[in-house]
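Here is the structure we will look at, set down as structure tokens.
Please read all numbers here as calculations on a predicted model, not as lab measurements.
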Amino acid sequence: MSDERSGYVPVDTGLVLQTLVERMFGIIEGRRADEPQPAVAAVLAATDLHVAGGHPQLEADLRHAGYLARVVEVELFEPARQPAEWIGELLTDSFASTASWDDAVAGACAELARSEPLGKPDPDDEAAMSWRVPGPGGHVRHYLARRTIEDYLRDAEAPVEDPAELKRPWLYGFFVRACEEALPAGAALGDSE
């Protein structure tokens, strides 16, 4: 039914979000076997967030899925093609106290993943850095992470103590890709200078 006054059709936000999340999830799953470049793989594996308790493969898979989620966002959404400027500044500051860009990215991503709310992030929450990366926003990312966790838990051989905590490795991978996009000119993962 159309609203004749505005020319717009009212939509069910939940349905739109569900459709978008399912579409993105399907694209990401279609690329699940695509291995990241060796330098990226090293950073994805660099920090143990200790959230999957005895499920290292589950944590690794979630990191990879989070990384791919950002890759897919950039392909699907024009605003996502802009790197987050604040990340470049964060990495430059972090690099000053580390031995490499890899260490700077791993440290920054671990901190970002740990500080993000486990529930649906409020856009005004200063800890919800997923809202500060250009693209579809923190809610889409939250629901995509939950959808991925739900699917991946079906394959887990043993129960996970706190499934909500599994959002952290997904976010870690997401932020690795966001950091890779925002590295200063001349810097790259795998470089120590």
Is the side chain of [X] donor-acceptor paired with the backbone N or O of [Y] at a distance under 3.5 Å, no angle test?
| X | Y | result |
| --- | --- | --- |
| R141 | F174 | no |
| S115 | E111 | yes |
| H142 | P117 | no |
| D103 | T98 | no |

Check your understanding: Aromatic rings W131 and H139: how do their planes relate, parallel, tilted or perpendicular, breaks at 30° and 60°?
Key ->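 It falls in the perpendicular class, over 60°.
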Point to revise | side chain to side chain donor-acceptor pair (under 3.5 Å) partners for E75, two or more places apart | key: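 E75 satisfies side chain to side chain donor-acceptor pair (under 3.5 Å) with R31 once adjacent residues are dropped.
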Practice item. Please name all residues satisfying side chain to side chain donor-acceptor pair (under 3.5 Å) with D151, sequence neighbours left out, ordered by chain then number. Key: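 Result, side chain to side chain donor-acceptor pair (under 3.5 Å) vs D151: R154.
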Search all heavy atoms of [X] against all heavy atoms of [Y] and return the closest pair with its distance.
| X | Y | answer |
| --- | --- | --- |
| A106 | A46 | CB-CB, 3.8 Å |
| T92 | P184 | OG1-CG, 3.5 Å |
| G119 | K167 | O-NZ, 3.2 Å |
| A108 | L90 | CB-CD2, 3.8 Å |
| P79 | P134 | O-CB, 3.1 Å |
| P36 | L44 | CG-CD1, 4.0 Å |

State the [atom1]-[atom2] distance between [X] and [Y], to the nearest 0.5 angstrom.
| X | Y | atom1 | atom2 | value |
| --- | --- | --- | --- | --- |
| W101 | L189 | CH2 | CG | 10.0 Å |
| E89 | D93 | CD | CG | 7.5 Å |
| L153 | T148 | CG | OG1 | 10.5 Å |

Would a 4.5 Å heavy-atom cut-off, applied to side chains only, mark [X] and [Y] as touching?
| X | Y | answer |
| --- | --- | --- |
| L76 | I27 | yes |
| M129 | V133 | no |
| L91 | L183 | yes |
| Y172 | V43 | yes |
| I149 | L62 | yes |

Who are the salt bridge (charged side-chain N to carboxylate O under 4.0 Å, His left out) partners of [X], not counting sequence neighbours?
| X | value |
| --- | --- |
| R32 | E29, D61 |
| E85 | none |
| E126 | none |

Practice item. Find out whether the Lys NZ or Arg CZ of R63 is both under 6.0 angstrom from the six-membered ring centre of W170 and within 45° of the ring's axis. Key: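 No; the conditions do not both hold, so R63 does not lie above the ring face of W170.
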Review point. Are L118 and L166 linked, directly or through other ILVMFWY residues, by side chains that come within less than 4.5 angstrom of each other?
Key: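 L118 and L166: separate clusters.
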Practice item. Report, as yes or no, whether the 6.0 Å neighbourhood of atom CZ on R81 holds more than 12 heavy atoms from other residues, nucleotides or ligands. Key: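 Enclosed.
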Practice item. Please identify each residue that fulfils side chain to side chain contact (heavy atoms under 4.5 Å, CB included) with A80, with sequence neighbours left out. Key: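 So A80 forms a side chain to side chain contact (heavy atoms under 4.5 Å, CB included) with R70, E73, V74, F77.
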Check your understanding: Please walk me through it: do L20 and L144 pass side-chain contact (heavy atoms from CB on, under 4.5 Å)?
Key -> CA-CA 9 Å; L20 178 59; L144 183 56; over 6 Å; no
**Study point:** Residues I87, R132; criterion side-chain contact (heavy atoms from CB on, under 4.5 Å); working and verdict
**Key:** CA-CA 9 Å; I87 291 178; R132 295 188 56 205; over 6 Å; no
Point to revise | R177/E181 ion pair, N-O < 4.0 Å | key: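 Result for this pair is yes, salt bridge flagged.
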Practice item. Could you tell me whether the side chains of E180 and Y67 share a donor-acceptor contact shorter than 3.5 Å? Key: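 The criterion, which ignores hydrogens and geometry beyond distance, is satisfied for Y67 and E180.
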